[in-house]
Every structure is written in C-alpha cells, then in structure tokens.
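Please read the structure below before turning to the comments.
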There are 2 protein chains.
Amino acid sequence: MKFDPSLLKYDVQGLIPCIAQDHATGEVLMMAWMNEASLARTLETGAMTYWSRSRQAFWAKGETSGHVQRLVEMRVDCDDDCLLALVTQEGPACHTNRRSCFYTAVRDGERVVISDPL
Amino acid sequence: MKFDPSLLKYDVQGLIPCIAQDHATGEVLMMAWMNEASLARTLETGAMTYWSRSRQAFWAKGETSGHVQRLVEMRVDCDDDCLLALVTQEGPACHTNRRSCFYTAVRDGERVVISDPL
C-alpha cells in the first residue's frame, strides 16, 4: 500500500512526534515534531526536517550547525500517530553538543548526567 | 539534584511522551504518554505505567495481557519534555502481538510490514 503522509494521525496542531534513532548503534538521539509538509520534505530530500514549534517554521536539522541527520529509513507505529526515523547523525544531535538529548538519567531519585559534550 | 516529576514540561493536557526502548537490544518498542502521577507511579513501582488518553485512566502496561514492561532506567531529555525508558519487555509490546509497534517501514513510497506477530 502506498504511504500517504496525509493519512497519519496528527494532533490538534497538525503535528506528529518523530523519534530519531542512530541506525548503526540503536542509540535514541532525540524526539522532535513533524507536520505533514516536513515529513514529505524529509522523505523527498533524505534530510531530516522537523517542524519547529517555537519558530513555527521548517527545521532542517543541522542546516546551521552542520550536524546533519540523514534518513536511512522511516517507520510508523501501529496507530499511525508516531514516527521512528533511523538516521545517520553527523556529530551531536543535541543542542548541548552531546550525541543524544537523553543524557540525564534518574538514579536513586537524583538527576545524573551520564554523557559529556563531544 | 533531586529528580522532581512536577518540574518536567507537560503539554496542555498534562502529558509527556515516553519512548520505551528494550534495554538489552536497543530496539524501540513503543511510544506512549505519561502524566505526572503515572510517571511517579512508574518510578515507585518499577512497572511501566502510562496514561491512557482514550480511557483517561492509568495504563499499567501488561496488567491484563501479562506483557509487562519493567523499568530499568528512566531518562529525560535536554528540554525536560520527553522521557526515554529503558525497559525489559515480556513478549510483545504491541497490541498486534508484535515485539515493537514500529513494524511498518516506508520503502520506495510503500508501507511495508517488516515484522510478524510473535
């Protein structure tokens, strides 16, 4: 069956969450939002393009930082309301310069930083 | 610093997305939502407890199916608005009886089912 981005389930703001996972290592790098247009653009170009909720604009990942994310394969979940993108990531995915945004663990009730900036 | 679930950034419905990842294999199993109370309960009990948006009730994963998810480690992202739970999963995570909810890939513009029910 043809994949039609318009048939996914978007929230009231027209957005769908997209998890970016390192294709090679399985590390979960980040979660950000897409709308139908940014998803279509991602599939067309192979460059991960989110929708910035703060700027209300396309967010071509790495466009200014150079930390580009290339799409290896897009997957969609059983409810058609969440995306999982397998990617290759140049350098850090996180704006703190860490590889992954999920660098804070909860251990014994404390916030523990478990990775350093690259 | 102490981890305080009330200091995370919830959406207007009081919810935060939580990605469940297989602790051992790195496979992304599912994404579901938590509120502050279900997160606190998850941390207290070690049993992954989401918030069901359709039922507006706690959703203790596997309570009826037996396909329990145990928390190994909770992580939070740089913006405090997304959770990543490393888990052990009994059997399938997906209601279709597949290990992961992300069993549909987009390949050459087509939806391709890439895994079978267990």
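Chain letters run A, B, ... following the sequence lines, proteins first and then strands; every chain starts at 1. Note: hydrogens, waters and symmetry copies are ignored here, and every other heavy atom, side chains too, is used.
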Query - Full working for side-chain contact (heavy atoms from CB on, under 4.5 Å) between A/Arg75 and B/Ile114 - result: CA-CA 10 Å; A/Arg75 296 187 185 161; B/Ile114 58 171; 3.4 Å; yes

Query raised in the report: Just wondering, are more than 12 heavy atoms of other shown residues or ligands nearer than 6.0 Å to NE2 in A/His23?
Result: no

**Report entry** Heavy-atom contact with chain B under 4.5 Å, split by part of A/Arg98
**Finding:** neither

Report task. With rounding to the nearest 0.5 Å, note down the distance linking CG in A/Leu29 to CG in B/Asp77. Result -> 12.0 Å

Query - B/Leu15-A/Leu15 co-clustered via ILVMFWY side chain contacts under 4.5 Å - result: yes

Query - Interchain contact, A/Asp4 with chain B, by part (heavy-atom threshold 4.5 Å) - result: neither

Query raised in the report: Side chains of A/Met31 and B/Met31: closer than 4.5 Å at any heavy-atom pair?
Result: no

Query - B/Cys94 portion near chain A, given a 4.5 angstrom heavy-atom threshold - result: side chain

Report summary line: Given B/Ala105, B/Ser100, B/Gly26, the one with more heavy-atom pairs under 4.5 angstrom with chain A than any other is B/Ala105

Query raised in the report: Hey, which of B/Leu86, B/Leu83, B/Leu84 has the most heavy atom pairs under 4.5 Å with chain A?
Result: B/Leu84

Query raised in the report: For the hydrophobic clusters of this structure (ILVMFWY residues joined by side-chain heavy atoms under 4.5 Å, transitively), does one cluster hold both A/Trp51 and A/Leu43?
Result: no

Query raised in the report: So do the side chains of A/Pro17 and B/Pro17 get within less than 4.5 Å of each other, counting heavy atoms only?
Result: no

Query - Contacting moiety of A/Asp108, where chain B heavy atoms sit under 4.5 Å - result: neither

**Report entry** Interface residue of largest heavy-atom contact number with chain B, from A/Ile19, A/Val112, A/Asp81, under 4.5 Å
**Finding:** A/Ile19

Query raised in the report: For the hydrophobic clusters of this structure (ILVMFWY residues joined by side-chain heavy atoms under 4.5 Å, transitively), does one cluster hold both B/Leu71 and B/Leu8?
Result: yes

Query - Intermediate values then yes/no, salt bridge (charged side-chain N to carboxylate O under 4.0 Å, His left out), A/Glu110 and B/Lys2 - result: CA-CA 4 Å; A/Glu110 299 284 322; B/Lys2 198 167 149 47; over 6 Å; no

Query raised in the report: Does any non-hydrogen side-chain atom of B/Phe102 lie less than 4.5 Å from one of A/Cys82?
Result: yes

**Report entry** Residue pairs, two or more places apart or on separate chains, that pass side chain to side chain donor-acceptor pair (under 3.5 Å) and touch residues 24-33 of chain A
**Finding:** A/Asp22-A/Thr25

Query raised in the report: For the hydrophobic clusters of this structure (ILVMFWY residues joined by side-chain heavy atoms under 4.5 Å, transitively), does one cluster hold both B/Met74 and B/Tyr50?
Result: yes

Query raised in the report: Closest heavy-atom contact between B/Gln21 and A/Val28?
Result: NE2-CG2, 3.6 Å

Query raised in the report: Nearest 0.5 Å, what's the SG-CG distance between A/Cys78 and B/Asn97?
Result: 12.0 Å

Requested in this report: Consider only side-chain heavy atoms of I, L, V, M, F, W and Y, link residues closer than 4.5 Å, and tell whether B/Val76 and B/Tyr10 are in one cluster.
Outcome: yes

Query raised in the report: Should the heavy atoms of other residues, nucleotides or ligands under 6.0 Å from CZ of B/Arg99 be counted, would the total exceed 12?
Result: yes

